[in-house]
Number of protein chains: 2
Amino acid sequence: MAEQVSEQTTNRLSLYLRFLNELEAGGVRTVSSKVLAARFDLNAALIRKDLSHFGDLGVRGVGYVVVDLRQRLRQILGLDRRLNVTIIGAGNLGFALADYPGFRKEGFRIVALFDTLPDKVGRRSRSGVPIHDIRDLKRVARQEQITIAVVAVPAESAQVVVNTVVEAGIKALLNFSPGALRVPPDVKLKSVDLTVSLESLSFHLARGVDRPPRP
Amino acid sequence: MAEQVSEQTTNRLSLYLRFLNELEAGGVRTVSSKVLAARFDLNAALIRKDLSHFGDLGVRGVGYVVVDLRQRLRQILGLDRRLNVTIIGAGNLGFALADYPGFRKEGFRIVALFDTLPDKVGRRSRSGVPIHDIRDLKRVARQEQITIAVVAVPAESAQVVVNTVVEAGIKALLNFSPGALRVPPDVKLKSVDLTVSLESLSFHLARGVDRPPRP
DNA sequence: TGATGTGAAGAACTTCACAGCA
DNA sequence: TGCTGTGAAGTTCTTCACATCA
C-alpha cells in the first residue's frame with residue numbers, strides 16, 4: 001500500500017471515481033471489477049490490481065460497495081480537502097479554463113487568474129475569478145492557499161512562468177504550453193500538448209487508421 | 001518500416017520535429033541522437049529506435065541531417081498536406097481552441113466551428129472562423145475537406161456529437177469531454193481529460209511528491 | 001457460488017552494448 | 001574515431017489463472 005503507484009493507475013482511478021459518482025447517484029449498491037472493466041474496455045484483473053494497491057477494498061463474492069469505494073477513492077486522490085487552483089495566463093485559453101465547469105465539479109476551485117498585461121489586471125473572468133499581476137503570485141498563492149497552477153501562456157514565456165510558479169511554492173502544475181519544461185524533482189508537472197495530440201491524429205490519417213490489426 | 005508504431009513513439013516524433021524546426025531555423029546542419037536525448041531527457045537509443053522504424057534516416061559517425069530529418073518527419077506525420085480541422089462546440093473552450101495559434105503553426109487550418117444554438121450559428125470567432133449548424137456537418141465536412149474534428153461540448157452531448165462526426169465520415173477526433181466514448185475501429189479517437197489531469201496532480205499532492213525516489 | 005486478491009506468465013516498452021559503417 | 005542501427009537484456013505494465021474467502 002505504500003509502494004509506487006504508476007501514473008497510468010492514477011489516471012484510471014479518476015475514471016473509476018467518475019463512474020462511481022454516477023452509480024451512487026443512481027442508487028447502485030455494489031459494483032464488480034467486471035462491470036467496471038466493461039465500462040472502460042479494460043481487463044477486470046487490471047482494475048482489481050489498481051485498487052489492491054490501496055488495501056483490500058472489495059468483498060469476495062460481492063464486489064465493491066459503491067459508497068465505500070467512492071469515498072476511499074476521493075481520499076486516495078486527495079479530493080476530500082479544499083483544492084485551490086490558479087490559472088496563469090488570462091488569454092483565450094486561460095479564460096476558458098477558468099470558466100470550465102468540469103473543474104468545479106470535483107471540488108477544485110479556481111481562485112485566481114494571473115497575467116502581465118496592465119489592462120487585464122484588476123478585471124475578472126465571466127464567472128468572477130479575479131485577475132492579478134503575476135508579480136503578486138507569491139503573496140496571493142500564500143493568502144489563497146493555492147496548491148495547483150494551470151499554465152496557459154505562450155510557449156516563449158512558459159519556462160519563465162513555470163520558474164515563477166515554482167518559486168511561489170506551488171508543487172503541482174498542469175501545463176498547456178508546448179515544449180520541454182524543467183521543474184525541480186519535488187514538483188509534479190503534467191503537460192497537455194495540443195500540437196502533439198493533433199499531429200498524432202494526422203499520423204494515423206497518413207498511415208491509414210484502418211490497416212489490418214495485429215495478426 | 002511497415003510495422004506497428006506505438007502511440008508513444010508517435011508522440012515523441014512530434015517533439016523531435018518541433019526541435020528540428022528550431023534547429024533548421026538556427027542553421028544547424030546535423031544533430032545526434034545524444035543531443036536530442038539531452039533535450040528531452042530521454043535515452044539516446046530510444047530516439048534511434050523511434051526513427052529507425054522509418055528506414056535508415058541517419059548517417060553513421062555524423063548523426064541526422066537536420067533538413068532531411070525534418071522533411072521526413074513532416075511526411076511521416078502527414079504534415080506535408082493540407083489538414084482541415086473543425087471544432088464542434090462554440091463555447092468558451094471551442095472558441096479558445098479555434099483561435100489557438102499553436103494549431104495554425106504546424107499547418108493545421110481551423111475551417112469551421114459547429115454548434116446547435118441558433119444565435120451562435122452564422123457568426124464567426126474572433127479570428128474569423130464561421131459557426132455552422134451541427135446539422136450541416138456532413139455537407140460542410142465534404143465541402144471543406146475536413147479530416148479532423150475537435151470535440152469540445154458538454155459531457156452529456158459528447159457521445160451523440162461523436163456519432164454525428166463519425167457519420168460525417170471524419171476519421172480522426174480529438175475529444176475534450178470527460179467520460180468513455182465509443183467509436184468504430186477505423187476511427188482514431190484521442191482524448192484530453194482535464195479532470196483526470198487535475199486529479200492526478202491532486203493525488204501527487206496528497207501522497208507527497210517528494211517521497212524518496214525508488215531505491 | 002461468485003467475485004476478490006495475487007503470483008506467475010506474457011506483452012510492451014526501454015536501455016544496454018556492440019557490430020558496422022562514414 | 002564517432003555515431004547509427006539493432007539484437008539481447010532489463011524493466012514496467014497487463015493479463016491469466018487460481019487459491020481464497022464471504
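Below, read A as the first sequence line, B as the second, and so on, with proteins coming before strands; counting in each chain starts at 1. Worth knowing before you read on, the calculation uses all heavy atoms, side chains too, and leaves out hydrogens, waters and symmetry mates. Everything numeric in this text was worked out from a predicted model, so none of it was measured.
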Visitor: Quick one: B:Asp50 CG to D:dT4 C1', roughly how many Å, whole number?
Guide: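 Roughly 14 Å, once rounded to whole Å.
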Visitor: Without decimals, in angstroms, what is the distance between A:Leu46 CG and C:dA11 P?
Guide: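 Rounding to the nearest Å, CG of A:Leu46 and P of C:dA11 are 16 Å apart.
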Visitor: Distance check needed: C:dT4 C1' versus A:Leu36 CG, whole Å only.
Guide: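 A:Leu36 atom CG is separated from C:dT4 atom C1' by 13 Å.
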Visitor: Indicate every side-chain donor-acceptor pair of residues 54-68 of chain A with a distance under 3.5 Å to a residue at least two apart or in another chain.
Guide:
none

Visitor: If you compare every side-chain N and O of A:Tyr64 against the phosphate oxygens of C:dG2 (OP1, OP2), does one of them come in below 4.0 Å?
Guide: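 No, A:Tyr64 has no side-chain N/O under 4.0 Å of OP1/OP2 on C:dG2.
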Visitor: With a 4.5 Å heavy-atom cut-off, do A:Leu46 and A:Arg12 have their side chains touching?
Guide: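 Yes - at least one pair of side-chain heavy atoms lies under 4.5 Å apart.
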Visitor: What integer distance in Å separates B:Asn43:CG from C:dA17:P?
Guide: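 Rounded to whole Å, this separation is 11 Å.
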Visitor: Salt bridge or not between A:Arg18 and B:Glu199? Use side-chain N to carboxylate O under 4.0 Å.
Guide: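 Looking at A:Arg18 and B:Glu199, the cut-off is not met.
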Visitor: If you take any heavy atom closer than 4.0 Å to DNA chain C, which residues from residues 22-34 of chain B end up in contact?
Guide: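 Listed by number, there are none.
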Visitor: Identify, between B:Val59 and A:Arg60, the residue whose nearest nucleotide on DNA chain D lies closer to the 5' end.
Guide: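 Checking each residue's closest nucleotide, the 5'-ward one belongs to B:Val59.
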Visitor: So does A:Arg12 get a side-chain nitrogen or oxygen closer than 4.0 Å to the phosphate oxygens (OP1/OP2) of D:dT14?
Guide: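 For A:Arg12, the contact criterion (side-chain N or O under 4.0 Å from OP1 or OP2 of D:dT14) is met.
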Visitor: With sugar-phosphate meaning primed atoms plus P, OP1 and OP2, does A:Leu57 contact a base, only sugar-phosphate, or nothing at under 4.0 Å between heavy atoms?
Guide: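 Sugar-phosphate only.
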Visitor: Output the rounded distance in Å from CZ (B:Arg72) to P (D:dT4).
Guide: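 Roughly 17 Å, once rounded to whole Å.
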Visitor: Under 3.5 Å, is there a donor-acceptor pair between the side chain of B:Ser191 and the main chain of B:Asp193?
Guide: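 No.
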Visitor: When you measure from the side chain of A:Arg74 to the backbone N and O of A:Leu79, does any donor-acceptor pair fall under 3.5 Å?
Guide: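 Between the backbone of A:Leu79 and the side chain of A:Arg74 there is a qualifying donor-acceptor contact (under 3.5 Å).
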Visitor: Does any N or O in the side chain of A:Asn84 come within less than 3.5 Å of the main-chain N or O of A:Val111, such that one atom is a donor and the other an acceptor?
Guide: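 Pair absent, no side-chain N/O of A:Asn84 close to backbone of A:Val111.
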Visitor: If you go through the side-chain atoms of A:Arg48, does one of them form a donor-acceptor pair with the base of C:dT4 closer than 3.5 Å?
Guide: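 Looking at the base of C:dT4, it does not pair with any donor or acceptor on the side chain of A:Arg48 (distance under 3.5 Å).
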Visitor: Between A:Gln8 and D:dT14, is there a contact of a side-chain N or O with OP1 or OP2 at under 4.0 Å?
Guide: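 A:Gln8 to D:dT14 OP1/OP2: side-chain N or O found under 4.0 Å.
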Visitor: Is the shortest distance from a Lys or Arg side-chain nitrogen in A:Glu7 or A:Lys188 to a carboxylate oxygen in the other one below 4.0 Å?
Guide: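 The answer is yes: the pair qualifies as a salt bridge.
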Visitor: Roughly, in whole Å, what's the span from CG in B:Asp41 to P in C:dT15?
Guide: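 Distance check: B:Asp41 CG to C:dT15 P gives 10 Å.
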Visitor: Closest nucleotide of DNA chain C for A:Ala45 versus for A:Val62: which of these residues is on the 5' side?
Guide: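 Comparing both residues, the 5'-ward one is A:Val62.
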Visitor: Rounded off to whole Å, could you give me the CG-to-P distance for the A:Leu51 and C:dA3 pair?
Guide: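 After rounding, the gap between these two atoms is 16 Å.
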Visitor: In this structure, how many angstroms lie between the P atom of D:dT12 and the CG atom of A:Asn11, rounded?
Guide: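 Rounded to whole Å, this separation is 18 Å.
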Visitor: Touch check for A:Thr9, heavy atoms < 4.0 angstrom, all strands: base, sugar-phosphate only, or nothing?
Guide: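 Nothing, no heavy atom under 4.0 Å.
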Visitor: Any donor-acceptor pair under 3.5 Å joining the side chain of B:Lys49 to the base of C:dT14?
Guide: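 Looking at the base of C:dT14, it does not pair with any donor or acceptor on the side chain of B:Lys49 (distance under 3.5 Å).
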